[in-house]
Engineer: 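Please read through the structure below; I'll follow up with questions.
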Amino acid sequence: MAVDKSMHILVVDDYNTMRRIIRNLLKQLGFDNVDEAVDGSDAFKKLQEKPAGLIISDWNMEPMTGLELLKLVRADAVLKNVPFIMVTAESKPENVIAAKQAGVSNYIVKPFNAETLKTKMSSVIGEF
């Protein structure tokens, strides 16, 4: 089955610059239906109104972290199967383990490029 490049993608990061970088990388990869959220609680509110086909979320945010958002998404009947990619500047093994236990689909360590993003996305939504 071909990947729907018009799918709704939610990018969650508390830094505007990082959201813009990820949005631009997604655009390079052919994905234009991108929404943004400034933290986990903002993201969860948006997901209640319009479920996403993919969530790309930063780990370190206030007041709700990416890990807390991931746990909320996995506990929600409508959202529980949405692919979720965690983005972080830290590659601590305990963080990777915590994210995997919470049901993360994949993990990206900053900085990263379009090729890395494509590889990680392909692993969770299929080749494109």
Side-chain angles (χ1 to χ4, degrees):
M1 189 171 90
V3 169
D4 177 8
K5 289 199 170 185
S6 66
M7 79 160 98
H8 177 228
I9 299 175
L10 182 62
V11 175
V12 189
D13 200 302
D14 50 350
Y15 287 106
N16 185 36
T17 304
M18 197 63 210
R19 289 193 311 271
R20 194 174 69 244
I21 290 168
I22 295 173
R23 180 187 280 272
N24 287 339
L25 291 174
L26 288 165
K27 195 176 188 75
Q28 283 177 39
L29 296 173
F31 294 87
D32 285 324
N33 187 6
V34 180
D35 197 6
E36 299 178 8
V38 296
D39 64 55
S41 55
D42 181 35
F44 196 67
K45 236 181 285 165
K46 288 184 176 190
L47 288 164
Q48 298 295 305
E49 295 163 15
K50 182 180 177 188
L54 174 65
I55 301 164
I56 301 174
S57 176
D58 187 32
W59 181 294
N60 294 313
M61 298 177 290
E62 294 292 333
M64 184 190 290
T65 67
L67 185 63
E68 291 166 330
L69 172 62
L70 173 60
K71 289 176 179 177
L72 271 180
V73 166
R74 291 296 177 246
D76 185 278
V78 175
L79 302 171
K80 67 181 178 191
N81 296 319
V82 174
F84 194 115
I85 297 176
M86 188 76 75
V87 179
T88 182
E90 301 169 32
S91 57
K92 293 180 189 164
E94 59 269 26
N95 284 12
V96 177
I97 291 166
K100 284 210 179 303
Q101 287 173 338
V104 79
S105 306
N106 214 321
Y107 206 89
I108 301 178
V109 178
K110 293 178 196 171
F112 59 93
N113 58 23
E115 194 53 43
T116 301
L117 182 59
K118 181 177 182 180
T119 301
K120 299 291 185 170
M121 286 175 63
S122 293
S123 77
V124 300
I125 63 171
E127 293 294 324
F128 58 90

Engineer: Should the heavy atoms of other residues, nucleotides or ligands under 6.0 Å from NZ of K46 be counted, would the total exceed 12?
Structural biologist: yes
Engineer: Calculate, to the nearest 0.5 Å, the distance between atoms OG1 and CD1 belonging to T17 and I22 respectively.
Structural biologist: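 Nearest 0.5 Å value for the OG1-CD1 distance: 11.0 Å.
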Engineer: Any side-chain to backbone donor/acceptor pair from K120 onto M86? Under 3.5 Å, distance only.
Structural biologist: no
Engineer: Specify the closest pair of heavy atoms between R23 and V34, including all atoms of both residues, with the distance to one decimal.
Structural biologist: NH2-O, 3.1 Å
Engineer: Of all the heavy-atom pairs spanning L69 and S57, show the shortest one and how long it is.
Structural biologist: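 Reported closest heavy-atom pair: CD2-OG, 4.0 Å.
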Engineer: Is the closest side-chain heavy-atom distance between D58 and K110 below 4.5 Å?
Structural biologist: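 In contact.
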Engineer: Hey, quick one: are V12 and V124 part of the same hydrophobic cluster, counting side-chain heavy atoms closer than 4.5 Å, chains of contacts allowed?
Structural biologist: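 In one cluster with V12: V124, no.
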Engineer: How far apart are the closest heavy atoms of V38 and R19, and which atoms are they?
Structural biologist: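 So the minimum-distance heavy-atom pair works out to CG1-NH1, 3.7 Å.
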Engineer: Measuring from N106:CG to I125:CD1, what's the distance to the nearest 0.5 Å?
Structural biologist: 11.5 Å
Engineer: Quick check on the hydrophobic clustering: are V11 and V109 connected, directly or via other members, by side-chain heavy-atom contacts under 4.5 Å?
Structural biologist: no
Engineer: Using residues 92-104 as the side-chain source, report each donor-acceptor pair under 3.5 Å to any protein atom, sequence neighbours left out, with the distance given to one decimal.
Structural biologist:
{"residue": "K92", "atom": "NZ", "partner": "E90", "partner atom": "OE1", "Å": "3.1"}

Engineer: Could you tell me whether the side chain of N24 reaches within less than 4.5 Å of the side chain of I21, counting heavy atoms only?
Structural biologist: no
Engineer: Do M61 and L47 belong to the same hydrophobic cluster, where Ile, Leu, Val, Met, Phe, Trp and Tyr are linked whenever their side-chain heavy atoms lie under 4.5 Å apart, directly or via other members?
Structural biologist: yes
Engineer: Near Y15 OH, under 6.0 Å, is it more than 12 heavy atoms from other residues, nucleotides or ligands?
Structural biologist: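 Atom OH in Y15 is not packed in, count stays at 12 or less.
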Engineer: If two hydrophobic side chains count as joined below 4.5 Å and joins carry through other members, does I56 share a cluster with F31?
Structural biologist: yes
Engineer: Work out which heavy atom in S105 is nearest to a heavy atom in V82; give both atom names and the distance.
Structural biologist: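 Nearest pair, atom of S105 first, then V82: OG-O, 4.4 Å.
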Engineer: Looking at side-chain heavy atoms only, is the closest gap between D76 and Q48 below 4.5 Å?
Structural biologist: yes
Engineer: Compare all side-chain heavy atoms of D35 with those of H8 and state whether any distance is below 4.5 angstrom.
Structural biologist: yes
Engineer: By the definition side chain to side chain contact (heavy atoms under 4.5 Å, CB included), identify the one residue from W59, Y107, F112 that meets it with V87.
Structural biologist: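 Result: among W59, Y107, F112, F112 is the only option passing the side chain to side chain contact (heavy atoms under 4.5 Å, CB included) with V87.
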Engineer: With rounding to the nearest 0.5 Å, note down the distance linking CE in M64 to CG in D14.
Structural biologist: 13.5 Å
Engineer: Counting only heavy atoms not in K80, do more than 12 fall under 6.0 Å of its NZ?
Structural biologist: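 Counting other residues, nucleotides and ligands, NZ of K80 stays at 12 neighbours or fewer.
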Engineer: Any link between L79 and I85 through a network of hydrophobic side chains (Ile, Leu, Val, Met, Phe, Trp, Tyr) touching at under 4.5 Å?
Structural biologist: no
Engineer: Distance from K27 atom NZ to R20 atom CZ, nearest 0.5 Å?
Structural biologist: 14.0 Å
Engineer: Check I108 against L117 and note the closest heavy-atom contact, atom names and distance.
Structural biologist: CD1-CD1, 3.7 Å
Engineer: Just how far is it from atom CD1 of I9 to atom CG of L29, taken to the nearest 0.5 Å?
Structural biologist: 8.5 Å
Engineer: Can you tell me how far the CG atom of D4 sits from the CZ atom of F128, to the nearest 0.5 Å?
Structural biologist: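 It comes to 12.0 Å.
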Engineer: Taking all atoms of both residues into account, what is the closest heavy-atom pair of V3 and M7, and its distance?
Structural biologist: CG1-CE, 3.9 Å
